[in-house]
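Working notes, beginning with the structure itself.
Remember, it's 1-based here, ligands and their atoms both numbered in the order they're listed. All values derive from a computational prediction rather than experimental measurement. Quick note: numbers below take in every heavy atom, side chains included, and nothing from hydrogens, waters or symmetry partners.
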Amino acid sequence: MTGKVVIKEVAARDGLQAQPKHLSVAQRLELLAALGKTGVPELEIGSFVSPKAIPQMAGTDEIAANLPETTAAYSALVPNMKGYELAVRAGVRCHAIAIAATEEMNRNNIRKGLDETFTMAEEILDRAAAEGVDIHVYLAVAFECPYEGAVAEDLVLAQVERLMRHDPARLLIADTIGAANPAAVQSMMQQLIDRYGPDRLGCHFHDTRAMGLANVYAALQAGVRQFDASAGGLGGCPFAPGAKGNVATEDVVMLCESMGYQTGIDMPRLLDAVTLLSEMIGSPQGGRAHTWLTKQCA
Ligand code: COA
Ligand code: ZN
């Protein structure tokens, strides 16, 4: 197995957005600097959301204005057109929009129904194309929804087709509550890779049921080469009850590199960033191989 696997580090957004401990802008900038030093190619810096809905992400505009110099490409999450405009004003040129495959998840997350959400996504995609802004569309709860249960594969494939007509820079299949299994991932991603090729597809997995890494492996086998991951496995969505953290960046790096793929990420520096994150959050963070990886790097 050779070739590159591109990892987007999402600890500073997905990782922090549901933490009971709210980090200051200065702390979040320090964390981004540490993550940037790992060589990770992409970094999500926060989200332009209502501070009433997610106070943990307040001040993302200040973060955008003071970003550390790293080699990473920066992006931020936006929930609606207002967020799109705020992010553009803050100088961000790559936006993540998270829309859900189900009615109830959209209502709980962004207070819009399914139709309204997809129309909004299309409007943002078309405007972004005209304004030269890259959009990464996340199709959330693509396997199972905390409110509606199992999500049909055919529904997701049709939703992807609709979104692809508006030319997103990337479309990510997101297992927001960590309920997918490798067979379902392989089936869905193989069909999508066959239709659209690997360049514009990605996956976003949570590790609630300990199948995060197995799902990454299944997606890799299907040809996916772009993954989100969170340092230390931190993460969760405040509007998706029961969701645990993202698959840990250090575990994904270990999996990929041991199979012969290159991630460009420096493991000792990544573990330093996890240590910093643990100190800031006030509890030890780390992926499944944390102890072993720490010994290897000592
Ligand atoms: N950023 C900051 N403020 C925003 C905003 C944004 N993107 N979008 C709306 N607002 C503000 C409005 O200006 C308004 O402010 P006011 O009360 O001072 O007038 C207030 O929020 C309500 O606006 P409205 O359009 O009615 O929004 P809403 O109450 O229906 O909430 C969202 C919709 C999307 C703003 C809110 O649900 C949200 O931010 N959700 C976060 C989703 C998320 O990030 N989930 C986790 C990741 S998947
Ligand atoms: Zn997530």
Ile54 neighbourhood, listing ligand 1 atoms whose heavy-atom distance to it stays under 4.0 Å
41 (C), 43 (C), 44 (O), 45 (N), 46 (C)
Inspect the surroundings of CD in Glu131 and state if more than 12 heavy atoms from other residues, nucleotides or ligands are less than 6.0 Å away.
yes
Taking all non-hydrogen atoms of both residues, which atom of Ala64 and which atom of Phe48 are closest, and how far apart?
CB-CZ, 4.5 Å
Classify the contact between Val78 and ligand 1 as side chain, backbone, both or neither, using a heavy-atom distance cut-off of under 4.0 Å.
neither
Which residue from Asn108, Ile110, Asn109 reaches closest to atom 40 (N) of ligand 1 through any of its heavy atoms?
Asn109
From atom 25 (O) of ligand 1, is the closest protein heavy-atom distance below 4.0 Å?
no
Nearest protein heavy atom under 4.0 Å from atom 3 (N) of ligand 1, yes or no
yes
Distance under 4.0 Å to a non-hydrogen atom of Gly83: what atoms of ligand 1 satisfy this?
7 (N)
Look at atom CZ of Arg162 and say whether more than 12 heavy atoms of other residues, nucleotides or ligands are closer to it than 6.0 Å.
yes
Answer side chain, backbone, both or neither: which part of Asn80 comes under 4.0 Å from ligand 1, heavy atoms only.
side chain
Does any donor atom in the side chain of Gln191 or Glu153 lie under 3.5 Å from an acceptor atom in the other side chain?
yes
I need the contact type for Phe48 against ligand 1. Using non-hydrogen atoms and a strict under-4.0 Å cut-off, is it side chain, backbone, both or neither?
backbone
Do you know which two heavy atoms are closest between Glu250 and Gly286, and how far apart they sit?
OE2-CA, 3.6 Å
Any side chain to side chain donor-acceptor pair (under 3.5 Å) pairs touching residues 143-152, not counting sequence neighbours?
Glu144-Arg209
Starting from atom 28 (P) of ligand 1, locate the nearest protein heavy atom and write down its residue, its atom name and how far away it is, to 0.1 Å.
Arg111 CD, 3.4 Å
Could you name each residue pair satisfying side chain to side chain donor-acceptor pair (under 3.5 Å) that touches residues 271-283, not counting sequence neighbours?
Ser283-Gln285
Is it the side chain (CB and beyond), the backbone, both or neither of Gln17 that lies under 4.0 Å from ligand 1, heavy atoms counted?
side chain
Among all the protein's non-hydrogen atoms, which is closest to atom 44 (O) of ligand 1, and how far away is it?
Val49 CG1, 3.2 Å
Any N/O pair Ala53/ligand 1 closer than 3.5 Å:
no
Within a reach of under 6.0 Å around NZ of Lys4, are more than 12 heavy atoms found that belong to other residues, nucleotides or ligands?
no
contact_flag Arg13 ligand 1 heavy-atom lt 4.0 Å
yes
Purely on distance, is any nitrogen or oxygen of Pro79 under 3.5 Å from one on ligand 1?
no
Do protein heavy atoms approach atom 46 (C) of ligand 1 to less than 4.0 Å?
yes
Polar contact flag, side-chain donor to acceptor under 3.5 angstrom, Arg13-Ser75
no
Residue pair Glu123 / Tyr84, side-chain donor-acceptor N/O under 3.5 Å:
no
Shortest non-hydrogen contact from Lys244 toward His206:
O-ND1, 2.7 Å
Work out which heavy atom in Gly59 is nearest to a heavy atom in Arg28; give both atom names and the distance.
C-NH2, 4.4 Å
Would you say atom 22 (C) of ligand 1 has a protein heavy atom nearer than 4.0 Å?
no
Is there a protein heavy atom at a distance of less than 4.0 Å from atom 14 (C) of ligand 1?
no
Given side chain to side chain contact (heavy atoms under 4.5 Å, CB included), test Glu62 with Leu29 step by step and report yes or no.
CA-CA 9 Å; Glu62 249 182 276; Leu29 281 167; over 6 Å; no
Environment of the Zn ion (ligand 2) in terms of protein N/O/S atoms, cut-off under 2.8 Å:
Asp14 OD2, His204 NE2, His206 NE2
Look at atom 11 (C) of ligand 1 and find which of Lys82, Met120, Arg107, Glu85 reaches it with the closest heavy atom.
Lys82
For ligand 1, is Lys52 a contact, meaning one of its heavy atoms is under 4.0 Å away?
yes
Mind listing the closest non-hydrogen atom pair of Thr249 and Ala229 along with its distance?
OG1-C, 3.2 Å
Determine all donor-acceptor pairs shorter than 3.5 Å in which one atom belongs to a side chain in residues 287-298; sequence neighbours excluded.
unit_1: Arg288; atom_1: NE; unit_2: Asp207; atom_2: OD2; d: 2.7
unit_1: Arg288; atom_1: NH2; unit_2: Asp207; atom_2: OD2; d: 2.8
unit_1: Thr294; atom_1: OG1; unit_2: His290; atom_2: O; d: 2.6

List the steps, then state whether salt bridge (charged side-chain N to carboxylate O under 4.0 Å, His left out) holds for Lys37 with Asp266.
CA-CA 8 Å; Lys37 279 192 197 136; Asp266 182 271; over 6 Å; no
Have a look at ligand 1 and work out which part of Leu77, if any, has a heavy atom under 4.0 Å from it: side chain, backbone, both or neither.
side chain
4.0 Å protein heavy-atom contact status of atom 7 (N) of ligand 1, strictly under:
yes
Ligand 1 versus Thr176, non-hydrogen atoms closer than 4.0 Å: side chain, backbone, both, neither?
neither
